[in-house]
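Some notes on the structure that comes next.
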Amino acid sequence: QVQLVESGGGLVQPGGSLRLSCAASRSIFSINAMGWYRQAPGKERELVAAITSGSSINYADSVKGRFTISRDNAKNTVYLQMISLKPEDTAVYYCYALVVHGLGKRDYWGQGSQVTVSS
C-alpha cells in the first residue's frame with residue numbers, strides 16, 4: 001500500500017502560479033511512476049503530467065510549457081509547478097502512483113486538490 005497526501009491547491013487568478021505537492025508514504029524509489037491527473041466538472045479524468053523512477057516525463061499537450069513535474073527523493077514527494085494558469089485549468093487534481101512488480105501492478109490515488117483559476 002502507498003498513501004499519497006496532497007497539498008497546495010487553492011484559488012489563483014488567471015496568469016498566476018501554484019505548486020501542488022504529493023507526499024508518498026514510502027520511498028519513491030520503489031514507485032515506478034508518479035503523476036498528476038485532473039478532472040474538471042462534467043469531464044473525464046485526464047493525465048496532466050507523469051514522471052517515472054527513471055526520470056522519463058510526459059505532459060499533456062494542453063500544459064506543455066506551463067507545468068513542470070519534479071520530485072524530491074529525500075522527501076518522498078512529487079511536485080507539480082503550474083504557471084500561466086488559465087481558467088480551463090480549473091479542476092480537482094489527483095496525485096497518482098503506479099507500482100509494477102512481477103505479479104502485476106497497482107495504482108494509488110491522492111485525496112484530490114481543488115485548483116480554481118478565476119478572477
Side-chain angles (χ1 to χ4, degrees):
Q1 292 284 338
V2 178
Q3 283 73 51
L4 304 173
V5 180
E6 303 176 28
S7 62
L11 174 65
V12 66
Q13 295 184 11
S17 63
L18 208 61
R19 188 178 75 162
L20 301 179
S21 299
C22 177
S25 61
R26 71 185 193 193
S27 173
I28 58 177
F29 285 121
S30 65
I31 301 174
N32 296 92
M34 296 186 69
W36 296 90
Y37 284 73
R38 68 185 181 187
Q39 188 167 25
K43 295 186 177 181
E44 296 182 354
R45 190 172 298 187
E46 64 174 348
L47 177 66
V48 177
I51 185 168
T52 71
S53 60
S55 298
S56 295
I57 295 174
N58 290 313
Y59 294 103
D61 288 341
S62 60
V63 307
K64 286 181 179 178
R66 299 189 299 118
F67 290 12
T68 302
I69 189 169
S70 62
R71 68 185 184 214
D72 185 334
N73 292 331
K75 296 181 178 179
N76 297 334
T77 299
V78 170
Y79 304 95
L80 185 67
Q81 179 68 54
M82 304 180 289
I83 65 171
S84 301
L85 283 161
K86 305 173 181 179
E88 52 262 44
D89 295 317
T90 296
V92 178
Y93 285 69
Y94 295 91
C95 183
Y96 169 82
L98 173 68
V99 179
V100 180
H101 53 79
L103 298 178
K105 62 181 181 179
R106 287 287 187 91
D107 53 5
Y108 303 90
W109 296 92
Q111 79 276 14
S113 299
Q114 178 68 51
V115 172
T116 301
V117 184
S118 176
S119 60

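These figures come from a predicted structure and were not determined experimentally.
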(message) Just so I know, are the side chains of C22 and M34 near enough to count as touching, which here means a heavy-atom distance under 4.5 Å?
(response) yes
(message) Tell me whether R71 contacts the main-chain N or O of T52 through its side chain, where contact means a donor paired with an acceptor under 3.5 Å.
(response) yes
(message) When you measure from the side chain of Q3 to the backbone of A24, do you find a donor-acceptor pair of N or O atoms at a distance under 3.5 Å?
(response) no
(request) Drop me the distance from L80's CG to R38's CZ, to the nearest 0.5 angstrom. (result) 9.5 Å
(message) How long is the straight-line distance from CD1 of I51 back to OG1 of T68, given to the nearest 0.5 Å?
(response) 10.5 Å
(request) Could you tell me whether R45 atom CZ has more than 12 heavy atoms of other residues or ligands within 6.0 Å of it? (result) yes
(message) I'd like to know if the side chain of S118 and the backbone of T116 have a donor-acceptor N/O pair within less than 3.5 Å.
(response) no
(message) Surrounding CD of E46 (heavy atoms of other residues, nucleotides or ligands, distance under 6.0 Å), is the total greater than 12?
(response) yes
(request) Measure from the side-chain N and O atoms of R66 to the backbone N and O of S84, and report whether any donor-acceptor pair falls under 3.5 Å. (result) yes
(message) So for atom CD, which belongs to E44, do other residues, nucleotides or ligands contribute more than 12 heavy atoms lying within a distance under 6.0 Å?
(response) no
(request) Check for a donor-acceptor pair, side chain of D107 on one end and backbone N or O of A97 on the other, with a separation under 3.5 Å. (result) no
(request) Could you tell me which non-hydrogen atom of W36 sits nearest to which non-hydrogen atom of S21, and how far apart they are? (result) CH2-O, 3.6 Å
(request) Find the distance between CG (L85) and CG (L18) and round it off to the nearest 0.5 Å. (result) 6.5 Å
(message) Run K86 and D89 through salt bridge (Lys or Arg N to Asp or Glu O under 4.0 Å) and show every step you take.
(response) CA-CA 5 Å; K86 305 173 181 179; D89 295 317; over 6 Å; no
(request) May I ask you to decide if the ring planes of Y93 and F67 are parallel, tilted or perpendicular, using 30° and 60° as cut-offs? (result) tilted
(request) Give, for atom CG of L4 and atom OG of S25, the distance between the pair rounded to the nearest 0.5 Å. (result) 7.0 Å
(message) Do V100 and L47 sit in one hydrophobic cluster, given that two such residues count as connected whenever their side-chain heavy atoms are within less than 4.5 Å of each other, even indirectly?
(response) yes
(message) Is it the case that the side chains of S113 and E6 hold a donor-acceptor pair, with the cut-off being a distance below 3.5 Å and no angle test?
(response) yes
(request) Check whether any side-chain heavy atom of L20 lies under 4.5 Å from a side-chain heavy atom of Y79, and answer yes or no. (result) no
(message) I'd like to know whether the aromatic ring centres of W109 and Y96 sit less than 6.0 Å apart in this structure.
(response) yes
(request) Kindly state whether the ring of Y37 and the ring of Y94 have centres lying under 6.0 angstrom apart. (result) no
(message) Quick check on the hydrophobic clustering: are I31 and Y108 connected, directly or via other members, by side-chain heavy-atom contacts under 4.5 Å?
(response) yes
(message) Any side-chain to backbone donor/acceptor pair from T90 onto V117? Under 3.5 Å, distance only.
(response) yes
(request) Locate the shortest heavy-atom distance separating V92 from Q114; write the atom from each residue and the value. (result) CG2-OE1, 3.3 Å
(request) Kindly say whether I69 contributes a backbone atom to a donor-acceptor pair with the side chain of Y59 at under 3.5 angstrom? (result) yes
